[in-house]
Amino acid sequence: MEKAEIGLIGLGTMGSNLALNIAEKGHRIAVFNRTVSRADAFKAEAGALADRIVPCHSLAELAEAIRPPRPVIIMVVAGKPVDEQIAALRDVLSADDIVIDAGNANFHDTVRRFKELEGSGLTFIGMGVSGGEEGARHGPSIMVGGTEESWRRVEGVLTAISAKFKGEPCAAWLGPDGAGHFVKTIHNGIEYADMQMIAEIYGMLRDGLGMGPKQIAPVFAGWNEGRLASYLIEITAKVLAADDPQTGRPVVDIILDRAGQKGTGKWSVIEAQQLGIPATAIEAAVAARVLSSMKDERLAAEKVYGAGGGRISEPREALLKDLELALLAGKIAAYAQGFAVMAGASKEFSWNLPLPTIARIWRAGCIIRSQMLDQMAEAFGKGGAAANLLMAPAFVEMMKAAHPSLRRIVALAAEAGLPVPALSSALAYFDAYRQGRGTSNLIQAQRDFFGAHGFERIDAPGAHHGPWGGGQ
Ligand code: 6PG
């Protein structure tokens with residue numbers, strides 16, 4: 001039988017869709033699943049693509065079915081299952097074969113796995129895949145970490161299955177070992193911030209203006225025609241317009257306000273902290289999800305304090321304009337933070353992450369795809385965003401036009417008692433970032449007072465101490 005070009009383990013939703021995508025692009029693919037019968041069922045359900053699918057009933061069979069050197073994609077739950085699969089694959093694969101972890105792995109695990117496989121002859125690739133089910137099936141954004149040589153060997157199939165932005169594939173090699181999974185983690189951190197800020201704006205429309213989902217949906221749909229055009233704004237409009245078939249009520253109104261999370265947002269914040277790069281909007285978004293899960297405590301606190309959420313009396317049209325611009329400004333700040341974290345990691349781990357390429361492969365396929373990412377790609381490409389996206393000329397212009405609206409919205413929200421943690425963190429970040437003389441001179445004085453930590457002077461070099469007379 002003709003050998004397959006590639007293998008895939010894990011026929012869950014993402015794995016199945018990725019396998020169908022690979023088959024559709026003309027590649028023969030061998031598949032294996034822990035529940036062995038699933039592989040046969042998968043082929044049976046694959047319709048016209050079935051001819052290119054080789055169901056395997058053991059890992060040995062999978063290895064046998066693929067033409068060496070074998071690339072094998074693992075698409076299983078992140079964590080221990082990945083280690084178990086790798087261990088099992090080591091018994092059946094041979095030198096030069098490539099194991100590709102396409103799950104949402106913690107990049108530290110990817111670095112470890114990469115090292116563990118070094119010297120075994122097998123090569124490891126950590127591959128971030130974004131775009132959800134639809135993306136996996138019809139074109140995800142693909143972020144690859146590993147050796148450049150291993151990338152060259154899988155580049156053909158990965159670029160073929162990736163999303164395309166104006167014909168350019170949204171798949172790229174981003175650096176060694178954990179680089180791809182790190183970038184995917186930051187993608188998700190930004191995704192958290194994006195989603196949280198959209199939810200905050202929704203809250204202002206719902207609670208501040210008293211608008212129902214059916215009235216809010218066209219607002220987002222309208223914004224999707226402008227500078228905010230993006231997948232997340234587009235689906236927000238669709239979500240708000242949808243009705244629950246059981247009750248006939250808007251679906252959003254019957255969904256419990258408790259957000260789940262699988263960990264990538266949290267990892268992005270942990271890494272930002274480790275690297276010493278402020279990512280306040282992302283941090284606020286992760287914290288907001290945690291707070292959202294404390295439903296019972298929130299209900300109890302509402303009884304004690306009363307709910308916030310007073311009405312906003314601004315004229316609706318003017319407020320809508322401000323909300324759109326506030327979201328734009330908040331979004332720019334959140335992306336500036338995400339890219340700054342990647343720049344920091346690139347230095348720390350000597351990855352040489354190509355920021356313009358990252359912006360380019362996020363322009364289509366992934367969850368945070370947006371029109372603005374095209375402008376970011378251009379800004380990073382020109383080098384103007386090297387220090388921070390907020391310093392790129394095109395974004396300076398946008399931010400100058402939009403931050404007054406963000407300021408008004410955060411102020412109105414605070415007055416009304418409406419929580420906007422990500423938007424207000426973004427604003428505080430912007431204000432602190434652009435403040436040439438901040439207030440940490442006082443912190444330095446306090447540190448020196450109680451701990452003799454010393455401080456720098458504005459008028460003389462070296463370390464100095466204050467006239468505290470021996471401290472406390
Ligand atoms: C993507 C998504 C994807 C997934 C996350 C959601 O880029 O396709 O980010 O990876 O939706 O797992 O994460 P949470 O469950 O943490 O929200």
Side-chain angles (χ1 to χ4, degrees), residues 10 12-18 21 73-79 81-82 100-107 109-110 126-145 158 161-163 165 170-172 174 178-199 230-236 238-239 255-272 279 281-293 334-335 338 341-342 358-370 373 422:
T13 315
M14 290 295 284
S16 300
N17 283 345
L18 213 54
N21 187 356
I73 296 175
I74 306 179
M75 192 50 126
V76 298
V77 179
V82 177
I100 305 166
D101 175 15
N104 267 337
N106 185 312
F107 89 101
D109 285 335
T110 307
M127 179 168 102
V129 178
S130 177
E133 292 173 31
E134 265 300 293
R137 178 66 185 86
H138 298 293
S141 170
I142 297 178
M143 297 148 248
V144 172
L158 295 183
I161 63 165
S162 75
F165 180 86
C170 292
L174 301 177
H181 275 143
F182 185 88
V183 171
K184 176 65 191 356
T185 297
I186 300 306
H187 165 282
N188 281 27
I190 295 173
E191 174 185 304
Y192 273 51
D194 241 341
M195 292 167 73
Q196 175 62 26
M197 288 192 280
I198 292 172
S230 61
Y231 173 70
L232 284 170
I233 294 284
E234 179 194 330
I235 65 162
T236 301
K238 289 184 179 159
V239 161
I255 298 178
L256 196 62
D257 54 335
R258 209 154 52 181
Q261 52 176 322
K262 296 200 198 77
T264 44
K266 182 174 75 181
W267 297 341
S268 64
V269 168
I270 291 171
E271 295 312 325
I282 301 172
E283 285 165 19
V286 175
R289 285 211 193 178
V290 177
L291 206 52
S292 85
S293 70
Y335 279 67
V341 175
M342 289 190 286
I358 293 169
R360 277 203 293 273
I361 63 170
W362 285 354
R363 290 178 301 178
C366 68
I367 300 295
I368 63 171
R369 60 187 182 262
S370 70
L373 267 163

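Counting begins at 1 with the first residue of the sequence. Any value given below was found using the heavy atoms of this structure, including those in side chains, with hydrogens, waters and symmetry copies removed. Whatever order the structure lists ligands and atoms in, that order sets their numbers, starting from 1.
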Which protein non-hydrogen atom lies closest to atom 5 (C) of ligand 1, naming both residue and atom, and how far is it?
Asn188 ND2, 3.8 Å

So which atom in Ile367 and which in His187 form the shortest heavy-atom distance, rounded to 0.1 Å?
N-NE2, 3.6 Å

Is Arg289 positioned over the aromatic face of Tyr192, cation under 6.0 angstrom from the ring centre and no more than 45 degrees off axis?
yes

Is there a nitrogen or oxygen of Glu191 sitting under 3.5 Å from a nitrogen or oxygen of ligand 1?
yes

Looking only at protein heavy atoms, what sits closest to atom 8 (O) of ligand 1 is Gly131 N, 2.9 Å

What is the closest protein heavy atom to atom 4 (C) of ligand 1, and at what distance does it sit?
Asn104 ND2, 4.4 Å

Side-chain contact test, heavy atoms from C-beta onward, threshold under 4.5 Å: evaluate it for Asn17 versus Glu134 and give yes or no.
no

From the options Lys266, Met195, His187, Lys184, select the one whose nearest heavy atom is closest to atom 3 (C) of ligand 1.
Lys184

Protein heavy atom at shortest distance from atom 17 (O) of ligand 1:
Arg289 NH1, 2.7 Å

Residue Gly132 vicinity, atoms of ligand 1 by number, heavy atom under 4.0 Å
8 (O)

Of all the heavy atoms in Gly265, does at least one lie under 4.0 Å from an atom in ligand 1?
no

Are any of the N/O atoms in Ile367 less than 3.5 Å from those in ligand 1?
no

Residue, atom and distance of the protein heavy atom nearest atom 16 (O) of ligand 1 read Tyr192 OH, 2.4 Å

With rounding to the nearest 0.5 angstrom, report the NZ to OG distance, Lys184 to Ser130.
5.0 Å

Carboxylate-amine/guanidinium contact Lys238 Glu234, below 4.0 Å:
yes

In terms of residue, atom name and distance, what is the protein heavy atom nearest to atom 7 (O) of ligand 1?
Ser130 OG, 2.4 Å

Among Leu174, Ile100, Asp101, Ile74, which one satisfies side-chain contact (heavy atoms from CB on, under 4.5 Å) with Met127?
Ile100

Run the contact test for Cys366 against ligand 1 with a 4.0 Å cut-off on heavy atoms, strictly below, and give the result.
no

So, applying side-chain contact (heavy atoms from CB on, under 4.5 Å) with Val82, which one of Thr110, Asp109, Val76 is it?
Val76

Give a yes or no answer on whether the side chain of Thr185 reaches the backbone of Ser268 with a donor-acceptor pair at less than 3.5 Å.
no

